[in-house]
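Remarks on the structure that follows.
Residues: numbered from 1 along the sequence shown. These numbers come from the heavy atoms of this one structure, side chains and all, not from hydrogens, waters or symmetry mates.
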Amino acid sequence: MPSTTSAERLALAQKYGLKPLNVRPALGEYIRDVARRWPFIRVMASSTAYAKNQNNYLGQLWAVLNPILNAAVYVLIFGIILGVSRGVENTVAFIVIGVFMFRFVEASVTGGAKSISGKSQLLRSLHFPRAVLPISSVLSQLATLIPAILVMCVIVLLSGFMADYSPERVTWWWLLLPAAVALLCLFNMGVAFIMARLVATTPDLDNVISFVMRLVMYASGVIFPVTNYVHQDLDLGGWRQTAVELLFDYQPVSVYLYLVRSTLMSEETIQPDGTMWIMGGVWAVLFFVIGFIVFWRAEERYGRD
């Protein structure tokens with residue numbers, strides 16, 4: 001239409017409901033567009049989770065075997081050989097819960113980081129809100145986690161039959177386990193949004209993620225109670241000691257591990273704590289909202305950089 005002006009062409013596009021491509025929509029419109037894609041998100045998440053192990057002989061059984069084998073290695077090294085209990089009565093349950101739940105965090109972070117950078121062909125071929133990809137990536141990890149959680153609960157119960165451990169029983173607190181996992185899932189989505197944008201704009205960061213996650217694992221008390229070490233053996237004095245204790249006690253991953261352990265274990269030092277539940281809710285909402293906005297602000301760049 002060479003004889004029309006740009007304003008006239010824009011008016012014609014608006015008249016017939018045409019939308020410009022590679023333009024960031026308003027935040028409210030973007031949220032509604034993502035919500036309308038929920039069936040697409042659900043199908044993509046389930047298909048990704050299913051396709052992950054379909055070429056292996058044991059198939060989907062690896063979704064449970066992988067965390068079991070990882071936990072077995074850490075239990076053998078840290079729980080039996082080194083005996084790093086640091087005041088924890090049931091070391092097996094402590095390590096198993098830590099490894100299973102941290103695997104969900106780690107897989108969500110790495111999956112979110114690759115959700116944009118690894119799908120350039122899809123981004124250039126189809127028009128849809130790019131937030132669909134990090135969300136579906138985390139939900140696919142959640143679908144893998146659900147059967148693993150059932151196995152984790154069985155292992156926690158069986159660990160109570162070991163000679164040196166007190167019996168672990170099913171209590172009413174176990175009903176809070178889905179709430180703790182839901183908060184962790186919401187937090188993981190927020191982190192996945194942030195990592196998706198960072199790696200999409202700076203691909204070199206993808207090579208650093210594994211090292212950062214290893215540091216987070218040891219700093220979060222996945223395989224031994226690092227908070228007990230900070231409170232009992234570390235002596236920085238004054239406000240520095242207080243600051244370090246607060247950091248290790250209330251950093252997000254440590255909080256979510258505490259929530260899950262407090263629902264499943266009967267440890268005197270790991271009891272359900274209202275403050276921890278408040279912090280879990282705050283971290284989940286804060287990271288999800290900030291992560292979503294950070295991701296949305298670069299919407300028009302995904303698939304073009």
Would Phe193 and Phe287 count as a side-chain contact (heavy atoms from CB on, under 4.5 Å) if you check the C-alpha gap in whole Å, the side-chain angles of each, and the deciding distance to 0.1 Å?
-> CA-CA 9 Å; Phe193 284 133; Phe287 267 82; over 6 Å; no
Under the side-chain contact (heavy atoms from CB on, under 4.5 Å) rule, what do Val226 and Tyr218 come out as? Steps first, then yes or no, please.
-> CA-CA 8 Å; Val226 67; Tyr218 288 108; over 6 Å; no
Stepwise side-chain contact (heavy atoms from CB on, under 4.5 Å) test for Val96 and Ser159 | CA-CA 10 Å; Val96 166; Ser159 68; over 6 Å; no
Is there a side-chain contact (heavy atoms from CB on, under 4.5 Å) between Val105 and Met213 once you walk through the steps?
-> CA-CA 9 Å; Val105 176; Met213 295 310 298; 4.1 Å; yes
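With rounding to the nearest 0.5 Å, the separation of CZ in Arg197 from CD in Glu299 is 11.0 Å. A distance of 11.5 Å separates CZ of Arg36 from CD1 of Ile31, quoted to the nearest 0.5 Å. How far CG of Leu176 is from CG of Leu183: 10.0 Å, rounded to the nearest 0.5 Å. Of the inter-residue distances, the one linking Ser254 atom OG with Phe248 atom CZ reads 9.0 Å to the nearest 0.5 angstrom. Going from atom OG of Ser136 over to atom CZ of Arg42 covers 12.5 Å, rounded to the nearest 0.5 Å. Atom CG of residue Leu177 and atom OG1 of residue Thr263 lie 5.0 Å apart, to the nearest 0.5 angstrom.
Counting only heavy atoms from C-beta outward, the side chains of Pro134 and Phe295 approach each other to under 4.5 Å. Contact of the Ile97 side chain with the Met265 side chain is registered, since non-hydrogen atoms from C-beta on lie closer than 4.5 Å. With contacts defined as side-chain heavy-atom distances shorter than 4.5 Å, the pair Tyr258/Asp249 does not qualify. Inter-residue side-chain proximity for Val255 and Pro252 is flagged as unmet; no heavy-atom pair is nearer than 4.5 Å. Between Val109 and Ile209 the shortest side-chain heavy-atom distance falls below 4.5 Å. The closest side-chain heavy-atom distance from Met101 to Val181 is below 4.5 Å. Counting only heavy atoms from C-beta outward, the side chains of Val99 and Met152 never approach each other to under 4.5 Å. Here the side chains of Phe100 and Ile149 are not in contact, with every heavy-atom distance at 4.5 Å or above.
Counting non-hydrogen atoms of neighbouring residues, nucleotides and ligands closer than 6.0 angstrom, the CH2 atom of Trp174 exceeds 12 such neighbours.
Put simply, the residue from Val73, Ile223, Val222, Asn90 that forms a side chain to side chain contact (heavy atoms under 4.5 Å, CB included) with Ile95 is Ile223. Screening Leu142, Leu139, Asn188 for a side chain to side chain contact (heavy atoms under 4.5 Å, CB included) involving Ser108 leaves a single residue, Asn188.
Side-chain atoms of Thr202 never come within 3.5 Å of backbone atoms of Val199 as a donor-acceptor pair (strictly under, hydrogens ignored). Although no hydrogens or angles enter the test, the distance criterion places no donor-acceptor pair under 3.5 Å between the side chain of Trp283 and the main chain of Leu184.
Grouping the Ile, Leu, Val, Met, Phe, Trp and Tyr side chains by contacts below 4.5 angstrom, directly or via other members, places Leu259 apart from Val282. There is no path of hydrophobic side-chain contacts, each under 4.5 Å, that joins Leu247 to Met276. Residues Val170 and Ile270 are members of one and the same hydrophobic cluster, defined by side-chain heavy-atom contacts under 4.5 angstrom among Ile, Leu, Val, Met, Phe, Trp and Tyr. Ile293 and Ile194 fall within a single hydrophobic cluster, where Ile, Leu, Val, Met, Phe, Trp and Tyr side chains are chained together by heavy-atom contacts under 4.5 Å. Hydrophobic cluster membership is shared by Val289 and Ile135, with clusters built from Ile, Leu, Val, Met, Phe, Trp and Tyr side chains linked at under 4.5 angstrom.
Between Phe292 and Ala131, the closest heavy-atom pair is CE1-CB, 4.1 Å. What you find for Ser115 and Leu133 is that their closest heavy atoms are O-CD1, 3.4 Å. The nearest pair of heavy atoms linking Ala180 to Val260 is CB-CG2, 4.0 Å.
Residues Phe187 and Tyr256 place their aromatic rings such that the two centres sit under 6.0 Å apart. Here the two rings, on Phe224 and Phe94, have centers that are 6.0 Å apart or farther.
Arg130 forms a cation-pi arrangement with Phe128, by the criterion of a distance under 6.0 Å to the ring centre and an angle within 45° of the ring axis.
The closest side-chain donor-acceptor pair between Ser220 and Gln251 falls under 3.5 angstrom.
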